[in-house]
Amino acid sequence: MSSPLYNRIYTLVRKVPPGRVTTYGRIARQAGCTARTVGFAMAALPAGHDVPWQRVINSQGQVSPRRNGDGGLIQRLLLEAEGVRFDSRGRVNLLRYGWELENGGLGGDGR
DNA sequence: AGGTTGACAAAGG
DNA sequence: GCCTTTGCCAACC
């Protein structure tokens with residue numbers, strides 16, 4: 001958090017409720033930067049944070065396999081534990097679990 | 001100061 | 001539906 005930008009990103013991610021996921025692009029737009037920056041901020045997360053980084057996925061609804069082999073698997077398990085259902089391809093239905101930041105909690109879709 | 005890489009997004013084939 | 005190219009911003013060499 002050496003930069004207010006990162007702090008902004010972390011704050012936005014913290015606002016994501018359990019059982020819900022969001023995309024890098026949405027956070028990036030709210031944080032005032034691009035998706036790449038958000039991804040980098042997640043990678044730079046220090047140990048002992050309160051940021052549910054696992055709830056942040058890409059616009060494709062898939063978890064991004066970071067260089068650290070087990071990370072993606074951990075993320076998937078954490079989301080499943082929160083009630084997020086993955087399809088056979090390891091993808092999440094953003095229309096159902098996608099959290100709309102601007103609305104402060106959406107999900108009204110529900111199938 | 002310049003070039004490459006990276007947990008991405010959007011557009012095109 | 002998938003894969004490829006372009007653009008993006010910040011960090012690392």
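Reckoned from all heavy atoms, side chains included, excluding hydrogens, waters and symmetry mates. The sequence lines fix the lettering, A, B, ..., with proteins before strands; numbering per chain opens at 1. None of the values given here were measured: they were computed from a predicted structure.
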Quiz prompt | Contact interval (first through last nucleotide) of DNA chain C with protein chain A, 4.0 Å heavy-atom | solution =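 Contact boundaries, 5' end first: C/dG1 to C/dA11.
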Self-check item: Hphob cluster co-occupancy, A/Phe40 + A/Met42, side-chain heavy atoms under 4.5 angstrom
Solution: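 Linked, A/Phe40 and A/Met42 end up in one cluster.
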Exercise. Kindly say whether A/Asn7 contributes a backbone atom to a donor-acceptor pair with the side chain of A/Thr11 at under 3.5 angstrom?
Key: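 At least one qualifying donor-acceptor pair exists.
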Self-check item: Under the side chain to side chain contact (heavy atoms under 4.5 Å, CB included) test, residues paired with A/Ser59 that sit two or more places apart
Solution: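 Applying side chain to side chain contact (heavy atoms under 4.5 Å, CB included) to A/Ser59 gives none.
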Quiz item: Can you list the residues that meet the side chain to side chain contact (heavy atoms under 4.5 Å, CB included) rule with A/Ala44, with sequence neighbours excluded?
Solution: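 With sequence neighbours excluded, A/Ala44 shows a side chain to side chain contact (heavy atoms under 4.5 Å, CB included) to A/Tyr6, A/Tyr10, given in chain and number order.
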What's the [atom1]-[atom2] distance between [X] and [N], to the nearest Å?
X       : N     : atom1 : atom2 : value
A/Asn58 : B/dA9 : CG    : C1'   : 9 Å
A/Phe40 : B/dA9 : CZ    : P     : 16 Å
A/Leu45 : B/dG6 : CG    : P     : 18 Å
A/Arg66 : B/dA7 : CZ    : P     : 9 Å
A/Leu78 : B/dA7 : CG    : C1'   : 15 Å
A/Arg26 : B/dA7 : CZ    : P     : 22 Å

Quiz item: So, do A/Leu79 and A/Phe86 sit near enough that their side-chain heavy atoms are less than 4.5 Å apart?
Solution: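 With C-beta onward as the side chain, the pair touches.
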Self-check item: By side chain to side chain donor-acceptor pair (under 3.5 Å) - contacts of A/Arg55 (at least two apart)
Solution: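 A/Arg55 satisfies side chain to side chain donor-acceptor pair (under 3.5 Å) with A/Glu82 only.
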Report all side-chain donor-acceptor pairs from residues 45-53 of chain A shorter than 3.5 Å, counting only partners two or more places apart or in another chain.
from, atom 1, to, atom 2, distance (Å)
A/His49, ND1, A/Val51, N, 3.4

Quiz prompt | Donor-acceptor pair under 3.5 Å, A/Tyr24 side chain vs B/dA7 base | solution =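 In this structure, the two groups form a donor-acceptor pair.
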Quiz item: Do you know the tightest heavy-atom contact between A/Val63 and A/Gly72?
Solution: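 Taking A/Val63 first and A/Gly72 second, the nearest heavy atoms are CG2-O, 4.3 Å.
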What does the list of N/O pairs under 3.5 Å between the protein and nucleotides 11-13 of chain B look like, with a distance for each?
none

